[in-house]
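What follows is a set of notes on a single structure, which appears directly below.
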There are 2 protein chains.
Amino acid sequence: MLAIDKTNGGHLYRQVMDLVTSEVESGTLRPGDRLPSLRRMSAILGVSVPTVKQAYEELERQGRVRARPQSGFYVEAQRRNALVRGSGCREPVEVCCRSLVEQVYDAIHRPGVIPFGIANPSMARPAAKMLHRTMKRVMARAEERSLGYAPMLGDPGLRRQIAFRYLDLGGRVAPEDVIITNGGQEALALALQAVGRPGDVIAVESPTYSGILELIESLGMLAMEIETCPEEGVSLKALEKALDRQPVRACLFSSALNNPLGSLTSEEHRQGLVELLEARGVILIEDDVYGDLIFEDPRPKPAQFFARRSLVLTCGSFSKTAAPGYRIGWLLPGRFRDAVSKLKRSLSCSSGLLQQLTLSEFLSSGDYDRHLKALRPLLKCNAERMSARVARAFPPETRVSQPRGGAVLWLELPERIDSERLFKVAIESDISIAPGVIYAPEAGYRNFIRLSFGHPWSERLEQGIDRLGHLVNQVV
Amino acid sequence: MLAIDKTNGGHLYRQVMDLVTSEVESGTLRPGDRLPSLRRMSAILGVSVPTVKQAYEELERQGRVRARPQSGFYVEAQRRNALVRGSGCREPVEVCCRSLVEQVYDAIHRPGVIPFGIANPSMARPAAKMLHRTMKRVMARAEERSLGYAPMLGDPGLRRQIAFRYLDLGGRVAPEDVIITNGGQEALALALQAVGRPGDVIAVESPTYSGILELIESLGMLAMEIETCPEEGVSLKALEKALDRQPVRACLFSSALNNPLGSLTSEEHRQGLVELLEARGVILIEDDVYGDLIFEDPRPKPAQFFARRSLVLTCGSFSKTAAPGYRIGWLLPGRFRDAVSKLKRSLSCSSGLLQQLTLSEFLSSGDYDRHLKALRPLLKCNAERMSARVARAFPPETRVSQPRGGAVLWLELPERIDSERLFKVAIESDISIAPGVIYAPEAGYRNFIRLSFGHPWSERLEQGIDRLGHLVNQVV
């Protein structure tokens with residue numbers, strides 16, 4: 001009964017789910033109300049009775065409705081506590097969370113572990129068949145050429161395909177302005193090194209992705225936390241105040257979808273951000289690796305589209321959407337093209353050719369879009385399933401993010417919980433989680449954890465959530 | 001007649017070539033002497049007459065003997081001027097050759113160009129069939145797992161295979177001390193960043209690989225040239241003097257085989273080097289990417305084998321030997337394991353998994369060794385062919401290196417030649433070369449060029465040498 005592939009005929013199924021959800025959210029349907037009968041709903045939406053039944057059962061699995069024998073499906077009371085807002089920004093500091101991050105990554109690769117600790121969205125529905133087929137075709141065609149060095153800045157075909165995608169979003173990017181990197185992490189590293197030096201202050205969202213903080217530490221720079229709202233993204237007011245007080249060299253923010261919050265900024269917000277920064281000559285490095293994994297259209301436009309002075313650098317990647325192990329990302333370098341090119345060549349030479357040729361064909365054939373079209377609703381469904389399960393298994397005070405894309409839930413646990421301790425206890429039960437403290441340069445988010453739903457859903461995962469909830473309750 | 005595959009039955013063929021060469025070098029055979037008849041040589045070595053004939057014809061192609069009708073093969077006078085020794089060491093300086101390096105790399109990827117400018121030894125005999133077959137097997141077996149993230153420091157199987165190879169050379173390396181990187185260049189970058197900071201002085205051989213100089217520049221460090229002898233490697237006397245005068249943080253030297261000189265150091269030399277450095281607490285980063293491409297056994301031992309204080313870091317790669325486009329190298333970090341691990345994770349995350357799994361199997365199956373066994377004599381033969389052709393086509397004062405491995409010849413042209421100008425003229429004739437100035441931090445080696453013989457040999461390459469010689473003669 002589990003893991004039904006809702007991408008085949010998922011369209012109609014999703015319609016039923018969405019109608020019920022919106023009626024509940026608007027207050028039309030309240031806890032205790034009876035849902036329209038299967039037959040009635042089938043008539044309302046013009047979908048088959050079995051489809052409605054499947055959707056109702058999924059809602060029941062998620063704990064959002066309950067079936068009463070001989071009667072029908074009834075709306076359940078929901079505990080979905082919204083996250084609390086952050087509290088202003090802080091002084092620039094050296095980052096100090098490295099050894100814990102190492103333990104988190106080590107835990108993921110332990111055999112038999114439930115990997116809630118790693119954000120790996122594409123693994124919810126791996127594109128292995130399509131990508132393997134494409135790669136074999138590339139090998140047969142390019143033969144020994146496919147073993148050779150790629151041009152330093154990337155395969156021209158792939159650079160063109162990436163530029164096309166931006167055009168499709170309404171932005172003009174020349175293929176020569178796409179620099180292929182070893183994954184998104186190298187794109188971030190090159191961007192930071194091109195614009196800053198050791199000692200420079202880099203503004204970051206709070207919370208922000210741990211890899212960004214590690215990078216800032218490795219380069220000897222200082223991280224400055226800026227308050228970030230779970231609904232609207234980084235606070236422009238707080239940012240403006242920070243810029244008044246500190247000589248910030250660059251901001252390193254997520255483009256539109258924050259990790260770990262899963263929050264989505266509005267287009268106006270991004271535009272306002274770029275205007276604020278460019279007016280002061282402050283550089284923006286945007287991490288856009290989750291943009292293609294938004295649950296609902298339209299895909300958010302990168303902040304770079306609003307730049308007038310070419311002070312925005314955009315980092316993208318195929319690691320979250322298609323093939324983490326390919327290590328192929330890219331960087332749109334704004335006005336720092338020369339500096340980035342030299343750094344790329346001297347720090348790691350070119351990136352893998354075979355993977356670039358494969359991805360180029362994967363994009364041009366339309367396979368990538370077909371893959372995303374199937375992956376995104378599945379991730380949305382996983383998010384709902386995990387939220388529902390957490391609501392049942394965790395203490396009632398638990399607050400949970402409502403991700404708009406990506407593959408992670410951000411949980412605020414009761415204050416007494418030390419997430420670092422929870423991480424260690426959980427690993428002993430073969431569950432990997434990511435403790436909140438690694439998402440800020442100083443030890444904030446002590447009672448927060450991040451859980452990934454980027455996996456094929458299974459009873460094993462559900463039991464993992466239950467066991468984790470049990471551990472949290474024990475600790476309390 | 002060209003491009004006969006001397007790796008099938010190449011053993012006997014090579015025996016004939018080697019006997020003639022050693023007799024000429026020892027002076028037993030002098031210019032004008034007649035070689036033993038085909039029948040006589042066949043009897044001496046116990047090989048077939050056609051094999052002797054094939055070897056004699058190859059010697060003739062290389063201009064080392066000449067056939068006289070109805071008479072036999074006669075030794076030709078050779079112009080093989082040895083390279084001049086370097087001249088002491090210099091003050092530490094900032095590196096300044098970047099835009100020219102960029103032009104050199106751009107030139108390589110121009111369609112229709114003869115790529116003498118890139119050292120790409122494995123392309124002399126690509127292992128495409130073996131590697132493609134292995135990769136397909138890996139895909140079939142690992143399926144979606146092969147798309148996922150590799151562990152941060154590398155696939156355990158590949159790390160073990162690399163450790164085995166060191167064991168085979170007589171050194172003990174734990175698999176956990178092998179850190180997989182994005183090619184040899186990232187290994188060098190991580191090593192330098194782990195041990196040094198901006199402003200540090202790094203000693204380099206003179207001449208040395210341009211990528212090393214670019215890296216030093218990118219990291220804001222200073223390069224200090226140390227005299228390097230075309231026969232014996234870096235001068236320990238000059239190095240000692242330099243250490244007395246300057247606070248050198250680390251030396252970044254080739255392990256045993258210098259690029260561009262192609263010279264091989266003795267084991268005693270490497271041991272003496274490590275003793276000298278460790279006694280003074282100076283770190284050695286060794287670039288060992290050419291060690292497996294030595295023309296004659298035994299493969300040189302890395303300097304790390306002689307370290308007592310773990311102050312030596314060793315950088316290796318499969319880019320020169322098997323698959324440049326895979327971007328898989330490794331680093332033995334000595335006592336800097338923790339620093340290197342953190343840098344690797346934060347600067348580029350893990351390296352490509354599919355390539356690691358493929359190389360792991362390529363090594364364990366014995367295919368890698370079989371491939372090297374076929375590649376090395378072919379490179380040696382290419383070196384001889386190119387030297388011979390250069391001797392005929394270039395001005396008589398030209399001096400040429402006698403590489404002991406790898407894929408490049410280093411040429412000292414008449415003093416009036418400006419190699420940067422020659423590079424630009426050659427590119428207009430669709431020939432890419434590497435001008436000497438990029439192999440030293442300051443503008444030395446003005447009248448030197450580096451030519452790669454890492455290609456399947458062909459008449460087109462020979463004509464390329466002739467045309468290049470013609471251009472040099474014109475410039476003179």
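Chain letters run A, B, ... following the sequence lines, proteins first and then strands; every chain starts at 1.
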*asked:* Are there residues of residues 127-140 of chain A whose heavy atoms fall under 4.5 Å of chain B's heavy atoms? If so, which?
replied: A:A127, A:A128, A:L131, A:H132, A:M135, A:K136, A:M139
*Check whether any side-chain heavy atom of A:M152 sits under 4.5 Å from a side-chain heavy atom of B:D106, and report yes or no.*
no
*Answer yes or no: is there a side-chain heavy-atom contact under 4.5 Å between A:Y105 and B:P151?*
no
Need one label for [X]: side chain, backbone, both or neither, based on atoms under 4.5 Å from any heavy atom in chain A.
| X | value |
| --- | --- |
| B:L153 | neither |
| B:A150 | backbone |
| B:L219 | side chain |

*Tell me the residues of residues 347-359 of chain B whose non-hydrogen atoms fall below 4.5 Å from those of chain A, in number order.*
B:L347, B:S348, B:C349, B:S350, B:S351, B:G352, B:L353, B:L354, B:Q355
*Got a second to check how far A:Y149's OH is from B:R327's CZ, nearest 0.5 Å?*
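Answer rounded to 0.5 Å: 6.0 Å.
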_Can you tell me how far apart CG (B:L188) and OG (A:S346) are? Round to the nearest 0.5 Å._
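Rounded to the nearest 0.5 Å, the CG-OG separation comes to 11.0 Å.
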*Report the option among B:P324, B:A189, B:P198 that has the most heavy-atom pairs separated by less than 4.5 Å from atoms of chain A.*
B:P324
*Top residue by heavy-atom pair count (under 4.5 Å) with chain A, among B:L192, B:L147, B:N182, B:I328?*
B:L147
_Contact origin within A:E144 toward chain B - heavy atom pairs under 4.5 Å_ =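 Contact with chain B involves both backbone and side-chain atoms of A:E144.
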_Which atoms of A:I118 are under 4.5 Å from chain B, going by heavy atoms: the side chain, the backbone, both sets, or neither?_
side chain
*Stepwise salt bridge (Lys or Arg N to Asp or Glu O under 4.0 Å) test for A:K342 and B:E214*: CA-CA 8 Å; A:K342 284 179 185 172; B:E214 286 209 294; over 6 Å; no
*asked:* Between A:S122, A:G148, A:A323, A:P126, who has the most heavy-atom pairs with chain B when the cutoff is under 4.5 Å?
replied: A:G148
*Who among A:Q193, A:M123, A:R145 has the most heavy-atom pairs with chain B under 4.5 Å?*
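Result: the option with the highest number of such pairs is A:M123.
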*Evaluate whether atom CZ of B:R141 has more than 12 neighbouring non-hydrogen atoms of other residues, nucleotides or ligands under 6.0 angstrom away.*
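Yes.
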*Inspect the surroundings of CZ in A:R337 and state if more than 12 heavy atoms from other residues, nucleotides or ligands are less than 6.0 Å away.*
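Atom CZ in A:R337 is crowded, with more than 12 foreign heavy atoms closer than 6.0 Å.
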